[in-house]
Undergrad: 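I'd like to ask some things about the structure below.
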Amino acid sequence: MTRHRALIGILVIALAGLAVASHAADQQNNTKGVPFPAIAMGQGETCVEDTDFMRRNHMDLLDHQRDETVINGVRTEQHSLKECINCHVVNGPDSVPVTVSSPQHFCRSCHDYAAVSVDCFQCHASRPGVEN
Amino acid sequence: MSIKTEKSTPTPGFDPVRRKFLSAVAAAAGVALAPGVMLYGITKSNSAAARVSGSAVSSNVRWGMLIDLNRCDSGCDDCVTACSKENGLQGHGRPATDAQWIRKVDVTNPQTGASQSLPMMCQHCADPPCVDVCPTGASFKRADGIVLVNKHTCIGCRYCMMACPYKARSFIHESLEDQKPHAPRGKGTVESCTLCVHRVDAGGQPACVEACSDTGGGAMLFGDLKDPDSEISQRVAKYATQQIRADLGLDPGVRYRNL
Ligand code: SF4
Ligand code: SF4
């Protein structure tokens, strides 16, 4: 009985491992199943908040921060669009950061996938600037 | 271009309660200067203009500028060039509509023929008509006196452009790309001189002022008009200075000397 249990346990773990591996492969190749957007990783170790939280709430954070910045002159980096852009920079084939006109752009890759239009870049720079 | 010098009597009909209060205080303090100057000379303020990072701007500060026209040369436009570079303003070959945050104006006295050249930009009025007319609240004055357009709420109606007596604002007609990260700007919104608010918030001074002192005539001085120890406050207290169209009673934060 105990031996059976152990066997089943090992099987389950192996299957789970397989599933995870094939899921990751899907995410990369988009070959089968539900397609996933190809999202570039940020430059830093971690994001300013948990990834799950950011996926759902980044717009609220940005919204709050923009009012703080424009009206109260608070220019902290924590939730600033400028810092998102600096960290989530994606280099094109010419190793120059791409703008939002490229489908590889961090914001655009996901927004295209979710079919949510993003207006920020009508005014804001969509890639890090040459600072002065 | 008609430019009048400041009247020596207070303007009637503009926020009379405040004016009255101020004149009373000034009288008590025994200060005998022009009305605008009294305001700055007597205001108590916190001399630490630099803010702690993350704290909001405060009304203990009023940013202003003093421009000495004896040092401003008619042929020089270093301030204009510096502004365009700093804020990423590029022309589209359409001078009638291209954005212009600062320009050089040459004025001539028709009686004497004497001419002068002066830089003209948003005057960062204390009582800005551009704010009064804005239907959305996008045109607003920050606590520290800097007048800005919040482009998140600007609908591009251009009322503020009509209301501004200094022709300080521009409307963006073209789609823009690769703006400066610190100076977001885009089609369908109105904009004007921000006093380089991103530099000011970082403890710096506007790009035009820097350029003027580096390569121009050193005519421009930027500082806190509410801090009695600031260089600008001391100079406006010592010398006769003028606000352009002071008769309108808008109390601009930009002052001119030797106009
Ligand atoms: S100069 Fe014009 S744009 Fe600037 S604060 Fe005054 S009214 Fe507004
Ligand atoms: S153009 Fe924008 S800032 Fe100017 S009055 Fe209209 S909404 Fe306000």
Side-chain angles (χ1 to χ4, degrees), chain A residues 42-43 48-49 58-92 94-108 117-132, chain B residues 49-59 61 63 82 85-88 137-154 156 172 174-191 194-204 207 210-211:
Chain A
Q43 310 276 300
V48 291
E49 306 287 348
H58 64 283
M59 64 299 271
D60 295 329
L61 299 178
L62 288 169
D63 214 30
H64 178 75
Q65 182 74 13
R66 81 174 199 197
D67 290 343
E68 278 295 305
T69 304
V70 176
I71 299 165
N72 292 327
V74 174
R75 286 171 202 277
T76 46
E77 296 178 350
Q78 181 78 347
H79 296 142
S80 99
L81 176 63
K82 195 166 137 187
E83 292 308 315
C84 298
I85 295 298
N86 285 346
C87 189
H88 288 282
V89 61
V90 176
N91 285 328
D94 49 0
S95 48
V96 173
V98 297
T99 69
V100 76
S101 61
S102 155
Q104 266 84 54
H105 186 269
F106 174 76
C107 305
R108 187 166 160 198
S117 75
V118 48
D119 294 337
C120 307
F121 305 113
Q122 290 176 13
C123 282
H124 286 277
S126 62
R127 60 175 165 185
V130 208
E131 271 312 319
N132 43 7
Chain B
R51 275 185 296 134
V52 187
S53 156
S55 66
V57 287
S58 127
S59 57
V61 173
W63 296 116
K85 183 163 171 274
E86 175 74 16
N87 296 296
S139 181
F140 74 105
K141 188 177 73 165
R142 263 181 24 156
D144 59 1
I146 301 182
V147 178
L148 297 172
V149 177
N150 183 348
K151 288 160 195 173
H152 300 115
T153 38
C154 172
I172 304 302
E174 292 85 4
S175 299
L176 302 179
E177 245 186 13
D178 265 336
Q179 294 89 331
K180 298 279 178 189
H182 56 255
R185 33 197 306 270
K187 182 176 173 178
T189 61
V190 162
E191 59 184 26
T194 64
L195 271 184
C196 283
V197 70
H198 56 283
R199 281 168 164 250
V200 173
D201 283 342
E210 201 174 277

Undergrad: Indicate the atoms forming the closest heavy-atom contact of B:P181 with A:G129, along with that distance.
TA: CG-N, 3.4 Å
Undergrad: If you count heavy-atom pairs under 4.5 Å with chain B, which of A:R127, A:Q78, A:E68 comes out on top?
TA: A:R127
Undergrad: Give, as side chain, backbone, both or neither, the part of A:T99 having an atom under 4.5 angstrom from any heavy atom of chain B.
TA: side chain
Undergrad: Can you see which heavy atom on A:A125 is nearest to which on B:Q179, and at what distance?
TA: CB-O, 3.2 Å
Undergrad: Under the criterion side-chain contact (heavy atoms from CB on, under 4.5 Å), I'd like the reasoning laid out for B:H152 against A:I71: C-alpha separation, chi angles, the key distance, then a yes or no.
TA: CA-CA 11 Å; B:H152 300 115; A:I71 299 165; over 6 Å; no
Undergrad: Minimum heavy-atom separation for B:R142 and A:V70, please, with both atom names.
TA: CD-O, 3.9 Å
Undergrad: With the side chain counted from C-beta on, respond yes when B:I172 and A:Q122 share a heavy-atom pair under 4.5 Å apart, and no when they do not.
TA: no
Undergrad: Given that the side chain runs from C-beta out, which part of B:S55 has a heavy atom under 4.5 Å from chain A: side chain, backbone, both or neither?
TA: backbone
